[in-house]
Amino acid sequence: LSLTDEQQALDEAVGRLLLKTSSPEQVRAAESSGFDQAVWDGLVEMGLFDAASSGEASTADLAVVARQCGAHLATVPFIETVAPEPDDRQLALRASWFAGLARAVLDLAVDYVKERHQFGVPIGSFQTIQHRLADLHAAVTGSELLAREAAVALDDGDPDGPALASMAEWWAGHVAVEAAEAALHFHGGYGFMLEYDVQLYVRRAKVARTTFGDPRHRLLEVAERLWGTTRRGLDRKLDAGAEAFRREVRAFLDEHLTGEIIARAHETGTMHDAGLHRALCDAGYLAAGWPVEVGGGGRSPVETTTLMQELYGAGAPVDSMGIVSMVAATLVLLGNEQQRTEIVPRMLSGDALACLGYSEPDAGSDVAAVQTRAVLDGDEWLINGQKMFTTMAHEADYVFLLTRTSPDKPKHKGLTMFLVPMDSPGIEITPVHTLGGERTNITFYTDVHVPDSCRVGDVDAGWSVMNAALVFERNSANWGEPDRLVRTVASWAQASGALDDPLVADRIAAHAIAMEVGRLLLYRCSELASTGAVTHVEGSMAKLFVTEAFTRAAGDFRDIVPADAAIFDFVEHAYRHSTVTTIYGGSSEIQRGIIAEHGLGLPRSR
Ligand SMILES: Cc1cc2nc3c(=O)[nH]c(=O)nc-3n(C[C@H](O)[C@H](O)[C@H](O)COP(=O)(O)OP(=O)(O)OC[C@H]3O[C@@H](n4cnc5c(N)ncnc54)[C@H](O)[C@@H]3O)c2cc1C
């Protein structure tokens with residue numbers, strides 16, 4: 001979804017023009033007339049109106065200009081002129097305009113909170129401010145992606161184009177108003193002074209948002225465009241290679257994933273099936289994304305994301321696949337000879353399973369605080385301690401165990417990672433059953449002796465080993481499961497007639513929009529990863545956005561779907577389970593902290 005070279009050049013040229021002609025002072029000056037001649041003349045000189053009327057400029061080209069107009073609050077009827085009918089093109093351009101405004105006002109807020117001090121520190125170090133800005137950063141990024149997707153889809157004559165245009169206009173408008181209002185709030189009293197610019201964005205965003213009346217009508221239009229008559233929601237295509245791979249994965253699931261496997265996983269709470277796991281290994285899916293030279297499938301990041309989303313979306317119990325592939329990948333990167341040549345192949349073939357022993361009673365989000373001790377005892381290590389939430393421990397052959405080896409060093413520097421065989425004397429497992437139905441475990445380690453060959457990475461280097469593994473975990477946000485929830489509820493509402501109720505239709509539409517935003521954020525990580533970029537912040541944005549959207553959707557659907565509906569149990573399960581996705585793999589608060597600090601450059605929180 002990135003801009004073409006020509007669009008990049010256009011973007012920069014329009015940006016330069018508006019920087020000169022549409023400064024906040026010029027915006028203020030044009031307020032009484034509602035028209036800025038200098039901006040208009042500049043756009044005319046660039047030939048934009050001619051290019052639009054001749055059809056030379058695509059919707060995606062014009063969207064670039066619209067985005068700059070939004071960002072600079074340009075006081076000209078650009079969109080109304082290039083797309084005079086209130087049609088799909090106009091909606092897509094409006095979406096881009098809102099996305100531009102939202103990004104500009106978010107930048108204004110971020111700059112302000114870095115500069116403004118209270119209590120002796122920048123207000124941008126307050127967590128309540130950081131977290132709201134982090135949420136907005138994800139939402140605004142989603143606006144940019146969705147607006148762009150809508151414009152490109154319309155140009156391509158994609159059947160999803162009209163629905164995407166409505167979705168993008170609603171989402172981007174919603175986020176622009178939210179961002180402007182939050183920015184106003186974070187300016188404190190000063191934001192209300194007319195000398196400050198932030199109020200310009202607030203007023204302009206709200207006026208634009210209500211051009212066609214109450215924006216909630218747009219949600220009903222989205223519902224109609226997604227599920228009216230014979231439609232069944234969006235049908236987004238991947239590029240040809242990934243699309244072929246998706247078909248392959250779907251065929252695999254048709255063959256290997258049965259209703260009994262899913263039902264058994266739900267009954268036992270163990271999200272693993274030995275037969276399915278082995279079939280996944282035989283198909284080479286466990287290491288699909290690794291380079292071929294180290295025994296992987298050489299699949300691109302987009303393809304591996306597609307694989308995981310198809311598995312999640314089908315309801316496949318694949319906890320062990322996720323854990324084993326992450327542990328094995330870490331061993332390939334940082335393990336010793338024996339781990340790489342003996343254990344990794346057993347993991348890849350499905351012979352060996354692993355579980356993660358990080359969390360402890362007093363070390364959850366602050367996982368570096370773990371107290372499980374590993375002490376060198378002759379040429380062996382002696383391990384004592386307790387781990388919480390060791391999911392899959394009762395099935396696993398190994399625990400990837402984070403221990404403390406040097407209590408006298410700073411907490412991040414005294415940790416060491418081990419890969420401990422689960423049949424080692426001294427390990428005990430106690431089951432834990434959870435609200436979402438998943439079984440996890442408490443694991444106890446009492447005088448467990450392991451040879452030094454069980455160590456992964458250097459002594460006291462456990463934090464970096466752990467972080468190598470976390471990168472794999474965060475980049476695989478589970479979007480497939482919430483997407484399946486939204487689609488299932490939409491189909492039910494379509495078939496049962498519940499969709500005729502606007503109170504139902506507008507909420508399902510809003511959740512469907514959030515799912516598309518989540519999908520775009522997720523695939524953006526994969527696309528960036530394909531270029532070799534480190535997607536730490538983007539992974540956090542996708543994980544945060546998707547899991548929070550899942551929780552909101554499940555909560556609303558639990559209200560909407562009556563107890564006698566056939567899908568009720570499915571919805572009830574989603575409701576009970578969704579919240580935990582905002583906790584494990586790094587809670588939403590932890591993700592917001594990462595986005596604020598590393599994505600927005602805000603100071604460390606206090
Ligand atoms: C079903 C399930 C399966 C799990 N599987 C595993 C597993 O296999 N292996 C494993 O090691 N762990 C596992 N976990 C543990 C999971 O990783 C932890 O629950 C998670 O890290 C949070 O830790 P905690 O539960 O101690 O909560 P806490 O860290 O105590 O958090 C409590 C609340 O405080 C918030 N909070 C914490 N720190 C901050 C902060 N700095 N700023 C703002 N808010 C903050 C959190 O977001 C949360 O809302 C699992 C958990 C569950 C529920």
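Hydrogens, waters and symmetry mates are skipped; everything else that's a heavy atom, side chains included, is used. One-based numbering, in listed order, for ligands and for the atoms of each.
None of His412, Lys409, Lys413, Arg404 except one satisfies the side chain to side chain donor-acceptor pair (under 3.5 Å) rule with Asp460; the exception is Lys409.
Among protein heavy atoms, the minimum distance from atom 35 (C) of ligand 1 is reached at Glu589 OE1, 4.5 Å. Among all non-hydrogen protein atoms, the one lying nearest atom 26 (O) of ligand 1 is Gly364 CA, 3.2 Å. Atom 39 (C) of ligand 1 has Ile590 CD1, 4.1 Å as its closest protein atom, hydrogens excluded (heavy atom only). At the top of the distance list for atom 2 (C) of ligand 1, counting protein heavy atoms only, stands Tyr584 CD2, 3.6 Å. Here the heavy atom of the protein found nearest to atom 13 (C) of ligand 1 is Phe389 O, 3.1 Å. From the protein, the heavy atom lying nearest to atom 53 (C) of ligand 1 is Val580 CG2, 3.3 Å. From the protein, the heavy atom lying nearest to atom 19 (O) of ligand 1 is Ile583 CG2, 3.6 Å. Counting only heavy atoms of the protein, atom 42 (N) of ligand 1 lies nearest to Gln127 NE2, 2.9 Å.
Checked against a 3.5 angstrom limit, the closest N/O atoms of Asp366 and ligand 1 fall outside it. In terms of polar-atom proximity, Thr440 is not counted as a contact of ligand 1, lacking any N or O under 3.5 Å from an N or O of the ligand. By the 3.5 Å distance cut-off applied to N or O atoms, Ser365 is counted among the residues near ligand 1.
Remark: ligand 1 atoms within the under-4.0 Å shell around heavy atoms of Tyr358 are 11 (O). Near Ser587, with a cut-off below 4.0 Å to any heavy atom, the atoms of ligand 1 are 46 (C), 47 (O). Under a 4.0 Å criterion applied to the non-hydrogen atoms of Leu356, ligand 1 contributes the atoms 7 (C), 8 (O), 9 (N), 10 (C), 11 (O).
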Pair Phe252-Tyr285, ring pair (Phe, Tyr, Trp, His ring centres under 6.0 Å): steps then yes or no: CA-CA 10 Å; Phe252 170 92; Tyr285 290 163; 5.2 Å; yes

Trace of the ring pair (Phe, Tyr, Trp, His ring centres under 6.0 Å) decision for Trp171 with Phe545: CA-CA 14 Å; Trp171 177 258; Phe545 189 90; 5.7 Å; yes

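Note: His187 and Tyr112 have parallel aromatic rings, judged against thresholds of 30 and 60 degrees for the angle between ring planes. Between His577 and His573, the ring planes lie parallel to each other; the angle is under 30°, not in the 30° to 60° tilted range.
Nearest to atom 16 (C) of ligand 1 by heavy-atom distance, out of Ala393, Gly593, Ser588, Ser359, is Ser359. Taking each of Val432, Thr391, Thr434 in turn, the one with a heavy atom nearest to atom 3 (C) of ligand 1 proves to be Thr391.
Side-chain contact of Thr443 with Thr390: a donor-acceptor pair under 3.5 Å is present, judged by distance alone. Side-chain contact annotation: His137 with Arg103, donor-acceptor N/O pair under 3.5 Å present.
Taking CD of Gln130 as the start and CD1 of Ile595 as the end, the distance is 11.0 Å to the nearest 0.5 Å. Separating the NE2 atom in His174 from the OG atom in Ser143 is a distance of 9.0 Å, to the nearest 0.5 Å.
Distances from atom 30 (O) of ligand 1 to the protein include no heavy-atom value under 4.0 Å. There is a protein heavy atom closer than 4.0 angstrom to atom 7 (C) of ligand 1.
Under a cut-off of 6.0 angstrom, the local environment of NE2 in His185 is sparse, with at most 12 non-hydrogen atoms contributed by other residues, nucleotides or ligands. Annotation: Asp111, atom CG; neighbour count of heavy atoms from other residues, nucleotides and ligands within 6.0 Å is above 12.
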